[in-house]
Amino acid sequence: DVQLQAFGGGLVEAGGSLRLSCAASGFSFDEYAIGWFRQAPGKRRSVVASISNIDGSTYYTDSAKGRFTVSSDNAERKVYLQMNSLKPEDTAVYYCATVMIVGRTAKDVIQEGSYDYWGQGTQVTVSS
């Protein structure tokens with residue numbers, strides 16, 4: 001069975017950093033993309049970043065560019081989201097998701113509906 005487990009959330013002050021991890025099992029990790037999404041209270045879930053485990057291509061939403069970095073360790077079957085310079089508006093539940101990406105790049109899988117499997121969320125709270 002495909003399993004994704006996101007962890008690493010927590011409470012941090014504005015300007016601080018957190019690193020989220022997504023541990024994956026049950027699928028051919030190097031043929032898939034991992035997307036990081038977030039959902040704030042009262043808002044729709046939206047993409048933050050994505051990475052292809054085939055070609056290493058990445059995508060960042062505008063609010064994440066320059067502050068967040070997505071990376072993948074294929075040997076460990078983990079994907080990370082390093083979040084720096086956090087802002088209160090980054091407060092949300094963060095999810096990782098996966099989809100087979102053969103023939104596509106990270107920017108091709110930025111919609112929630114593109115993903116087949118989801119992990120449970122991890123709460124990130126940024127205080128002002």
Side-chain angles (χ1 to χ4, degrees):
D1 292 348
V2 174
Q3 292 190 3
L4 297 171
Q5 184 177 7
F7 53 96
L11 173 64
V12 64
E13 293 184 350
S17 297
L18 280 174
R19 188 176 81 157
L20 305 184
S21 301
C22 178
S25 62
F27 60 97
S28 299
F29 190 78
D30 56 2
E31 294 181 352
Y32 279 65
I34 301 290
W36 283 101
F37 289 75
R38 67 186 180 188
Q39 186 169 24
K43 296 189 177 181
R44 295 180 62 180
R45 190 158 56 183
S46 61
V47 69
V48 176
S50 62
I51 185 166
S52 164
N53 290 336
I54 294 180
D55 65 6
S57 61
T58 58
Y59 168 85
Y60 296 93
T61 194
D62 286 345
S63 63
K65 288 177 183 176
R67 298 190 300 129
F68 295 2
T69 302
V70 61
S71 61
S72 183
D73 185 332
N74 285 23
E76 294 293 325
R77 301 177 61 88
K78 288 182 179 178
V79 173
Y80 304 99
L81 184 68
Q82 177 68 43
M83 304 187 295
N84 299 329
S85 302
L86 282 162
K87 304 174 182 180
E89 50 264 43
D90 294 316
T91 295
V93 178
Y94 283 71
Y95 300 87
C96 59
T98 193
V99 62
M100 183 177 284
I101 197 174
V102 174
R104 297 180 290 176
T105 65
K107 65 178 175 64
D108 297 321
V109 286
I110 61 174
Q111 300 297 324
E112 184 177 3
S114 299
Y115 287 82
D116 296 323
Y117 304 98
W118 292 81
Q120 89 295 351
T122 185
Q123 176 70 48
V124 171
T125 302
V126 184
S127 63
S128 57

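Positions are given from 1 along the sequence. Keep in mind the model is a prediction, meaning the values are calculated, not measured. Computed over heavy atoms, backbone and side chain alike; hydrogens, waters and symmetry mates excluded.
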(request) Kindly say whether Q39 contributes a backbone atom to a donor-acceptor pair with the side chain of R45 at under 3.5 angstrom? (result) no
(message) Please give me the minimum heavy-atom distance between A6 and C96, naming the atom from each residue.
(response) CB-SG, 3.9 Å
(request) Hey, could you give me the OG/CD1 distance between S50 and I34, rounded to the nearest 0.5 Å? (result) 10.0 Å
(message) Could you check whether any side-chain heavy atom of R104 comes within less than 4.5 Å of a side-chain heavy atom of V99, counting everything from C-beta outward?
(response) yes
(request) Measure the shortest side-chain to side-chain distance between Q5 and Q120 over non-hydrogen atoms and say whether it is less than 4.5 angstrom. (result) yes
(message) What's the separation between atom OG1 in T98 and atom CD in E31, rounded to the nearest 0.5 Å?
(response) 11.0 Å
(request) Please name the pair of heavy atoms, one in V109 and one in A33, separated by the smallest distance, quoted to 0.1 Å. (result) CG2-CB, 4.0 Å
(request) Determine whether Y80 and I54 fall in the same hydrophobic cluster, where Ile, Leu, Val, Met, Phe, Trp and Tyr are linked whenever their side-chain heavy atoms lie under 4.5 Å apart. (result) no
(request) Could you tell me whether D90 and K87 have a side-chain N and a carboxylate O separated by less than 4.0 Å? (result) no
(message) Could you tell me if the side chain of E76 sits less than 4.5 Å from the side chain of S21, heavy atoms only?
(response) no
(message) To check you understand the geometry: which heavy-atom pair defines the closest contact between L81 and A49, and what is its length?
(response) CD1-CB, 4.2 Å
(request) May I ask you to test the T61-F68 pair for a side-chain heavy-atom distance under 4.5 Å? (result) no
(message) Looking at every non-hydrogen atom in both residues, tell me the closest pair between V126 and T91 and how far apart they are.
(response) N-OG1, 2.9 Å
(message) Counting C-beta onward and ignoring hydrogens, is there a side-chain heavy-atom pair between S52 and T105 closer than 4.5 Å?
(response) no
(message) Rounded to the nearest 0.5 Å, what separates atom CH2 in W36 from atom CG in L20?
(response) 4.5 Å
(message) Return the CD1 to OG distance between I110 and S46, rounded to the nearest 0.5 Å.
(response) 10.5 Å
(request) Measure the acute angle between the ring planes of Y32 and F27, then classify it against the limits of 30° and 60° as parallel, tilted or perpendicular. (result) tilted
(message) I want to know whether W118 and F37 have ring centres closer than 6.0 Å.
(response) yes
(message) So, taking the atom named CD in E13 and the one named CG in L11, what distance separates them when rounded to the nearest 0.5 Å?
(response) 8.0 Å
(request) Kindly give the heavy-atom pair with the smallest separation between L4 and A24, and that separation in Å. (result) CD2-CB, 3.7 Å
(message) Are Y95 and F7 linked, directly or through intermediate hydrophobic residues, by side-chain heavy-atom contacts shorter than 4.5 Å (ILVMFWY only)?
(response) no
(request) Could you walk me through whether S72 and N74 pass side chain to side chain donor-acceptor pair (under 3.5 Å), step by step? (result) CA-CA 6 Å; S72 183; N74 285 23; 3.1 Å; yes
(request) Answer yes or no: is there a side-chain heavy-atom contact under 4.5 Å between D1 and Y117? (result) no
(request) With the side chain counted from C-beta on, respond yes when S17 and Q82 share a heavy-atom pair under 4.5 Å apart, and no when they do not. (result) yes
(message) Are I101 and N53 packed together at the side-chain level, in the sense that at least one heavy-atom pair is separated by less than 4.5 angstrom?
(response) no
(message) If you compare all heavy atoms of F29 against all heavy atoms of K78, which two are closest, and at what distance to 0.1 Å?
(response) CZ-N, 3.7 Å
